[in-house]
Each structure stands twice: as structure tokens, then as C-alpha cells.
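I have placed the structure first, in the form of C-alpha cells, so that the comments after it can refer back to it.
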Amino acid sequence: MRNFKRVLVANRGEIAIRIFRACAELGIRTVAIYSNEDKCSLFRTKADESYLIGKNQGPIEAYLSIEEIIDLALKKGVDAIHPGYGFLAENTEFAKKCEEAGIEFIGPNHIMMDKLGDKIKSKIVAKEVGVPTIPGVEKPIKSEQDAKEFAGFCGYPVMLKAAAGGGGRGMRIVTREEDLINEFNSARSEAKKAFGIDDIFIEKYLEKPKHIEVQVIGDKYGNVVHLHERDCSIQRRHQKVIEFTPSLCLTDEQRTAICEDALKIARAVNYRNAGTIEFLVDAHGNHYFIEMNPRIQVEHTVTEMVTGIDLVQTQILVAQGYRLDSPEIGLASQEDIKPRGYAIQCRVTTEDPANNFAPDTGRIDVYRSGSGFGIRLDGAEGFAGSVISPYYDSLLVKVSAQGRDFDDARRKAVRSVKELTVNGIKTNAAFIINVLNHEIFKKGDCDTGFISNNPELLN
Ligand code: ADP
């Protein structure tokens, strides 16, 4: 057991604030880091202390400067580092260096992260424990010939993926053999540019699936539970836009099977801390594992709303050495987790739907949000006078709504997003409302192609 007195958050924006809040409620002092570009950002004022890092580095690189962050943490007497999502959250070297420096990394250890954070290795783990995966290669493909052979064997369409990819980037669908070579070469150079590694793999492309993922959390003693599923099928270019829980497309048997399979994967590596096991579900209700995210996710809010469990606090408690069945956490068994009602999260971004969702930048002149019963707002840049820079993710505010049934939650979400007033900068709010009011969404029956197949959502 190690009682944390000071926690550093190696991240920025809304997730940094989310973690500071969890720490404050646990009586832990918080330390923020910020880049030159974030000098005036609100998030750093929400921590007890904040320090500039990456003085001579770019806006993104600053948050990736492993040595400097660890040095700072040691100098400031920090017990643990929470990486949030993105940046260093899935960096095994960072997790390892924290461990070596005697700083607790709030997440899995580097061995588990290495096994499950990698898209190819995690599929091997899934297969070993008998969880269905999408047919694909087990090693990065080295030549166009390898790609051709696989596609010839499993049939088109196929998907090329960057092994190090994330955030919906580094993926290409190939429908015809004559396009394969070109796509393979561009995927490779794109992956090299974006992720620094040009390892590409290939798998069968599933048409019109649903994206269902299962939240898990484990302690340091091999206990792991799931916190049920989320439906994240509403995506634009493979990036999630709206997420909800529970799913409306699964039967009870399918839901149990998918959650059990998620636990099998987590147990296979004695997984600890919070993680998400992602699946695609086809039209017949068959599920296939696609990847594991060994970290907190953007959409964790909906799970918290229906289960009443604070996931970020639980992450911090298990990192300190608390057992899941300790009074502080209170999860003695799977039966202790009983979701109530429905919750929907909408990602309101500073993107202009009329201009192909190009990020908008500049100063927010007027900002009024729509809170009220059943609404939770997580953001960092939503206030009058806030300056949206071009350097980071365009997430402005996560509007999460909870209701007794799906339609109740949906109507609350619509009401809240409609109340949101942002002047001075463009947002995707009207687009979000169009999605929430669409007949297919109302039935909770969108597949991952829903947005691209319904261009009227842009009107
Ligand atoms: P990332 O790590 O970039 O988020 P994922 O592997 O989680 O990438 O996939 C993101 C999304 O891309 C999925 O939710 C799904 O919509 C789509 N996708 C990924 N793999 C496939 C596949 N084999 N067939 C069809 N769609 C896929």
C-alpha cells in the first residue's frame, strides 16, 4: 500500500481537469504540467501547482518529453503520475521509466501494456483465450505480396491498419485488388509520418458493424470486474462522436457473452487498472475483438453515470494498492455493479461541419452551457474569453445526459446541446442535434457507417 500525497497529471485539457477533481475529492494534492502554448489555458489553474515543460519544444512534443516529466515529478516529490488518454497514456517506455524512478504509473504495468496496447499482440492474446477476432495477419506485413496473399485468401474488402495507429487514424479500406499496392504504400508512408513506425497489418473489413466496447477494471491482486458495455458506433472517419450505454442492439445472452469475453482477455494478463476491450459486432450479433485500450477513455463518463462508480478515483485507489473489495472501492463482486437507466455522451467540438469539419480557432466571445437535471459537462475551454488554439484536439465540451430510459437520456442531451450558445467560434453542435434526432439514432440502431451514409445530417 502506498498512500498518494501528490499526483502529477501528464496531460492537458478536459481530462486533466477530470483527474484533478478526482484527486481533490480523495484529498490528494495535484500537479499540472503545461506547454508554452498552454500558458493561458484554464486547466492548469485547476491544479494545486503547475509547471512549464518542453520550453524549447513544440506544443505536442512538450507533453511527450518523458525525461523532463519524470525529472520534474521526482523534484516535486510526486508519488504517482496519471497519463489521462492520448500523449503518453499508452507509451510502454514511459510506464517503465516511471516504475524505475519509483513513481507509480496510474495504469497497467509496462508488460501488460505492451501485450495489450499493441493491436497485433493483443489479438494473439484474445485468440489464445478463445475470444473471436477479425481474421487478419499475426505479424506486420512486409510487402505488397503479403498483403495480396492475405486479401486473396480472405476476400475483399480488407482493411490496412497502422500497428501503432490510434484515434481512427492510419486505416484504409481496400475494395479491389488493383488498389491494394497503392494503398499499401501510402498507408506505410502515412503511418511512418504520423506514428514514427511504418508497421502495417491487414485484416478483413467488416461491413456495417456496430462498435461495442466493455469497460474493465482490475486491482493489483488479480481481481477484475467489468462495468458493462458502451455502444460507440456513431463515428465520423472511424472516430467516435456519440457514445451511449447500455447498447440497444444486444440480447441479454449477447451482452453476457461479450462482457465475459472482455474479462477473459483482461484475466489472461492479470490486467490491472482501467481498460477498455473493443469489439465489432456484425449484423448477426457475432462479436469480434479488435483492440484493447489500456487507459481511461474519453467516453468513460457514461459508464460512471449509469453505474455510479467513479472510474478515475477507482484507478487512483487501485494504483495505491486498494483491493476491489476494500470498503474504499466497494466492488466485492460483479453483482455489485448494477447499471441504472441510460446515458449518452456527445462530443461537442470546435469543428465546422459546413467546411468538412475543419477545426476552427480563435476567441470565444459568448459561452453559455446547458446544465440541469441529468446533465454532466466535462470541458476545459468553454468560457467567454477562451482562445482555441490550432495545436490540440478540438474537443470543446463533453455533454453527457442520463435518463431512466434511452429516449429520456436522448431528449435531455438534445435539450442541453440546444441550450449551448457559443459565439466567436464554430462548433458541431447543430450536427450533433441532427444525429440525436435522427430516426435510426432514436432506435439506438446506428452502425459505424451511419454518419457517412446520411449526408442530410449536415443540413
Ligand atoms: P483506433 O485505435 O484508431 O481507434 P480501432 O481499431 O479501435 O482504431 O478502430 C476504430 C474504428 O474503425 C472501429 O470502431 C470501426 O468503426 C473501424 N474499424 C476498425 N477495424 C475494422 C474492421 N476490421 N472492419 C470494419 N471496421 C473497422
Side-chain angles (χ1 to χ4, degrees), residues 85-87 89-91 113 116-127 131-138 140-141 147 150-151 153-175 183 187 190-191 193-195 197 199-215 229-244 247 249 258 262 265 275-284 286-300 345 347 393 395 445-454:
Y85 54 70
F87 296 118
E90 295 180 54
N91 187 308
M113 188 189 279
L116 290 185
D118 179 286
K119 286 183 201 264
I120 302 182
K121 289 184 196 160
S122 61
K123 268 174 92 170
I124 297 173
V125 173
K127 267 192 195 161
V131 173
T133 58
I134 306 232
V137 293
E138 290 197 355
I141 42 171
F150 174 82
F153 169 72
C154 86
Y156 289 84
V158 290
M159 197 166 204
L160 295 167
K161 277 192 191 181
R169 291 171 312 145
M171 277 183 243
R172 275 153 185 267
I173 304 160
V174 187
T175 49
E183 294 287 356
E190 213 176 81
K193 242 201 234 149
F195 313 108
I197 302 168
D199 278 357
I200 296 287
F201 69 102
I202 186 167
E203 64 185 23
K204 178 84 191 146
Y205 176 71
L206 220 59
E207 287 180 88
K208 300 195 165 192
K210 292 196 164 79
H211 173 119
I212 305 287
E213 60 185 32
V214 180
Q215 176 72 56
E229 83 284 2
R230 297 185 283 258
D231 185 324
C232 309
S233 306
I234 295 113
Q235 303 180 351
R236 195 182 150 266
R237 300 205 171 144
H238 310 304
Q239 272 181 292
K240 298 162 189 167
V241 178
I242 295 180
E243 303 95 337
F244 60 89
S247 154
C249 70
I258 208 167
I265 295 173
T276 298
I277 321 256
E278 300 192 329
F279 299 89
L280 294 182
V281 177
D282 70 15
H284 309 291
N286 302 311
H287 62 269
Y288 305 90
F289 168 79
I290 46 167
E291 70 157 347
M292 157 88 173
N293 288 322
R295 54 168 169 84
I296 194 76
Q297 281 189 296
V298 179
E299 60 273 24
H300 73 278
Q345 177 191 265
R347 302 189 190 197
D393 186 287
L395 185 62
D445 198 25
C446 302
D447 59 52
T448 58
F450 169 71
I451 289 180
S452 59
N453 293 332
N454 289 281

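Start at 1 and go down the list; that is how both ligands and their atoms are numbered.
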- Mind checking whether R230 and T276 have side chains closer than 4.5 Å, heavy atoms only? yes
- Item | K210 to D447 - nearest heavy-atom pair and separation | CG-CA, 4.3 Å
- Message: Using a 4.0 Å cut-off on heavy atoms, what residues surround ligand 1? Order them by chain and number.
- Response: K119, I134, M159, K161, G166, G167, G168, R169, M171, E203, K204, Y205, L206, H211, Q235, H238, E278, L280, I290, E291, T448
If you look only at distance, which donor and acceptor atoms sit under 3.5 Å apart when one is on a side chain in residues 166-173 and the other is two or more places apart or in another chain?
| residue | atom | partner | partner atom | Å |
| --- | --- | --- | --- | --- |
| R172 | NH1 | E183 | OE1 | 2.5 |
| R172 | NH2 | E190 | OE2 | 2.5 |

- Task: Can you see which heavy atom on F289 is nearest to which on A126, and at what distance?
- Result: CD2-CB, 3.6 Å
- Query: Is E291 salt-bridged to K161, cutoff N-O under 4.0 Å?
  - Reply: no
- Item | Charged N-O contact under 4.0 Å between K240 and E213 | yes
